[in-house]
Protein chains: 2
Amino acid sequence: MKKQKRTTIYDIAKKLNLNASSVSRALSNNSNVSEATRQLILATAKELNYQQNSMASNLRKGQNQTIGVIVPRINQNFFADIIAGLEEVTYQKGYNLVICQSNESYLREIKCVNTLINQHVSCIAISICADFEDDSHLRNIKEHGIPLIQFDRVTDTLDTFKVLNDNEHASMEAVSHMIEQGYKRIALLEGPQNLNIFRQRKEGYLKALKKHNYPVLPELIKENAWTKELGAESTWQLLSLPEPPDAVFASTSDFSALGVLEVATKKGLKVPEELGICGYSNEPFTEITSPSITTIDQYSVSMGKTIANLFFQEIDFMDNGSHPQTVSIKPQLIIRSSTLRNKNQI
Amino acid sequence: MKKQKRTTIYDIAKKLNLNASSVSRALSNNSNVSEATRQLILATAKELNYQQNSMASNLRKGQNQTIGVIVPRINQNFFADIIAGLEEVTYQKGYNLVICQSNESYLREIKCVNTLINQHVSCIAISICADFEDDSHLRNIKEHGIPLIQFDRVTDTLDTFKVLNDNEHASMEAVSHMIEQGYKRIALLEGPQNLNIFRQRKEGYLKALKKHNYPVLPELIKENAWTKELGAESTWQLLSLPEPPDAVFASTSDFSALGVLEVATKKGLKVPEELGICGYSNEPFTEITSPSITTIDQYSVSMGKTIANLFFQEIDFMDNGSHPQTVSIKPQLIIRSSTLRNKNQI
DNA sequence: TAATTAGTTACAATCGATTGCAATTTGTGT
DNA sequence: ACACAAATTGCAATCGATTGTAACTAATTA
C-alpha cells in the first residue's frame, strides 16, 4: 500500500511562498488573483502534477457533482440505454454518475438509496424494483434535501419529478393496430401489476378493446408472463383453449413475444396469418427474427437525456418552489411482419 | 434550493451531552464506547434520521470506497454485462461504482481518467477506446497511487493488472472448427489493429490456417468491418471476387456477422451449405437468427466479477510489493447452425 | 504629497468525520 | 479504604479546499 503523498494546494503555495487561498482562487479561475501569479501557480501545478481533491472540495462546498442512478439491472438494454443517455448529458455538465443495481430486490434498493444519500449526491434517479413495497426510502431522499427523479417504473404515492413512457397510449395503439389488421381474439400477456408500467399497458389494451367494441375475454389474459419461458408457457395454455386467440400482445417484453413466436413456430402456426404477435421494447433482435416482430420503441437513450435535462432545469427552478413535473415520452409503435396480415392496410 | 441542514454527529453529540468523537466511535462500531451510550447514540441517530456524510469521512480517511470504470460504451452488451458483474461483487464489499464512457474518444477518455483521479477512487478499471493514442493518462493514474486494472482492450506498453480474454485461442478454435467443417476459403473481417483484441483475433486466424496448412489469402482479409453495415459491405466485395470465400469469420462482432448473413440471404446463398458464418461475442440475437450464428462467448459477467475480485485481492497483495498479474479468461466457442455443414462432425 | 481607491495576498474559520492522546470515570484487588 | 488498572469519554488536530474578511501594496486623484 504505497502511501504516495499527493500534491495539494499547500504544496504549491509553499513552493511559491504564497498562501493556499491564492492557489485555490487561481485554480478555480477566481478573479482575485493577479495574472502573473495565476500563471505561476498554473505552471507549478502542472509541474507537481497536481490534481484537485474533490472530496475536500465537495465537503467544503457541501455538494458533489454526482448523480446517483438506481436501476433493477444495468445490463438490460432498456436501462443500459437510459444510463448511456444520462451519462452523455451529465458528462457535458461535468457531473458524474454513480450506478447501482437493485437486482429487483427491495432490500437492496433501500441499501442503494442509503449509500447515495451518504454520498450527498446532487440528485437520485431511480426506476423501482419489481418487488417494491413502500416508499419510505424514497421519502427519505426528499427529507435529506436531495432532488428525486423517478423514471419508467415509478410509484405514484409520492410527488416527485417523473419521466415516463406513455405506456397506455402505446399499448392502445398497438392493440388498435392489431384490431385493424383483422385480429378478433387478442390475448394479453401481462406483467406484475404492482408496477405502474404494466398496469398502464393493460389499461391501454382494455381501452383499445372498448374503443372498438370488442369484448374483454378474461381467459385470454395471462398474468406474469415476463420472460421468454413464461411467455412460451402462457402461449401453450392459450393455444390449447377451445377457442384460442388469433393474436398475442406480449405487453411485458420482447422476450416474452419471442417465447410466443417460438411456440407458434413449433406448433406450425403461421405468423402473422394465423397468429399475430406484438412485443414491447424494441429489443435489437426483434427486427432479426423471422418474421420480424412488431413492437414498441421506448426511446430509451433520449429518456436518459430527458432525465438529466430535467435535473439541470430543476436546479434553477428550485428557487421559486415550483412543483415537481412529469415528463411523458410517447413511445412509437413499430409495425413489422408479425402483425402485418393485410399489407395494404398499413 | 432548500438549505435542508442535515444532522451531523455534532447534532447527536449535543443532544446527548457527549462529544462528537464518541458518536463517531459508536457509529463505526469502535470498541471504545460503553454499550449503554452506544445504544443511546444509535437510537438518537435513528431518531434524527442521521446519515453519514461520506465526503467528510472519505476526506479524513483519505480513501473513498469507490471504483471508477471507464468503458467505450455503456450500452453495449459486452460492457454492460461486465459492469453488472463488477457491481455485483463491489456491492457486496460496500463499494460503489462510478461509470464513465469514453465514447471511443481519446480526449474524452483522458478527461474521464482525470475526473476519477480527482475523486480519489480506490481503483480504476478501464477498457481503452478505439482511437487510443498513448498511455500517459494511464501512467498518471499509477503516479497518483491508484491501482489500475485494464480489461479486454488493453495496452501492453504499461505494466498493470489485466483481465483478458484469450482472443487468439478462441479465434483459432473458431477457424479450426470451420476448417474441420470442410470450408476451404475462409475470409476474415478484422477490426482496428491498434486494439490488441483485434490483433489477437487475427493472429488466431492466421495460426489456425497455418496449423492446417492452409494458405493465407490476402484478398480474403478485410480491414475495418466493425459494424453490421461495414460487415455487409465487405461481404459484397468478397462475394464478387473471382474466387469468393466459402466462409466468413467476422472477428469483430456478431453485428458484423449479421451483416454477412443478410447479404448472403439477399444473394440467395445457403448458410451454412454455401457460406459459413462465425461471429464474435455471443450477442443474444445470434441464437435467434435463421440460421442461428456460430459465435464466441466471452463470459462477460464473470469477467466483471474477476476484475472486482482482482482488486480486492490486490489490496492485500500491495504490502509485499507483488507484480501486477494478468488473468486470462478462456472464451467458449458456441457452435450453431451457421457453420454446421456436417452435422455428424460435431 | 497626502488621501482614496482598486487590486492582491494573507489569515483564519469552515465543511463533518476520524483518531491519537489526555483526562476522567469505573472497576478490581488487597 | 486505597492504589492501580481498565474502560470511557473529551480534547484537539487533521484531511484539503473554499471563502469572508482583514491587511497590505500599488495605482489613481485632488
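Numbered from 1 within each chain, the chains take letters A, B, ... in sequence-line order.
Contact annotation: Ser28(B) does not reach the phosphate of dT18(C) (side-chain N/O to OP1 or OP2, under 4.0 Å). Of the side-chain N and O atoms in Ser34(B), none sit less than 4.0 angstrom from OP1 or OP2 of dT8(D). An OP1 or OP2 oxygen of dT8(C) is reached within less than 4.0 angstrom by no side-chain nitrogen or oxygen of Thr37(A). Of the side-chain N and O atoms in Gln52(B), one or more sit less than 4.0 angstrom from OP1 or OP2 of dT18(C).
Atom-to-atom, CG of Asp11(A) to C1' of dC15(D) comes out at 13 Å; the value is rounded to the nearest Å. Distance, Leu40(A) CG to dT8(C) P: 14 Å, rounded to whole Å. Between the CG atom of Asn64(A) and the P atom of dA17(D) there is a distance of 16 Å, rounded to whole Å. Between Glu35(B) atom CD and dT26(C) atom C1' there is a gap of 17 Å when expressed in whole angstrom units. Taking atom CG of residue Asn58(A) and atom P of nucleotide dC15(C), one finds them 16 Å apart after rounding to whole Å. The distance from atom NZ of Lys61(A) to atom P of dT18(D) is 6 Å, rounded to the nearest whole Å. The distance from atom CG of Leu59(A) to atom P of dT14(D) is 17 Å, rounded to the nearest whole Å. In this structure, Leu27(A) atom CG and dT19(D) atom P are separated by 13 Å, rounded to whole Å.
Side-chain contact between Thr7(A) and Asn49(A) is absent, with no heavy atoms from C-beta onward closer than 4.5 Å. Side-chain contact between Leu59(B) and Asn53(A) is present, with heavy atoms from C-beta onward closer than 4.5 Å.
Counting non-hydrogen atoms under 4.0 angstrom, Leu18(A) reaches the backbone sugars and phosphates but no base. Asn17(B) comes within 4.0 angstrom of sugar-phosphate atoms only, judged by non-hydrogen atoms across all strands, and of no base. Looking at heavy-atom distances under 4.0 Å, Asn32(A) makes contact with a base.
Annotation: cation-pi geometry satisfied between Arg108(B) and Tyr91(A) (NZ/CZ under 6.0 angstrom from ring centroid, within 45° of ring axis). Cation-pi geometry between Lys162(B) and Phe151(B) is not met at under 6.0 angstrom from the ring centre and within 45 degrees of the axis.
Between Val33(B) and Thr8(A), the residue anchored nearer the 5' end of DNA chain D, judged by the nucleotide with its closest heavy atom, is Val33(B).
At a threshold of 4.0 Å, the pair Arg153(A)-Glu104(A) counts as salt-bridged, since one of the basic side-chain nitrogens sits closer than that to a carboxylate oxygen.
Note: Phe311(B) and Tyr95(B) meet the aromatic proximity criterion, with ring centroids under 6.0 Å apart.
Note on ring orientation: taking the six-membered ring where Trp is involved, the planes of His137(B) and Phe132(B) are tilted (angle from 30° to 60°).
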Name the pairs: protein N/O against N/O of nucleotides 11-13 of chain C, kept only if under 3.5 Å.
residue, atom, partner, partner atom, Å
dC11(C), N4, Ser21(A), OG, 3.2

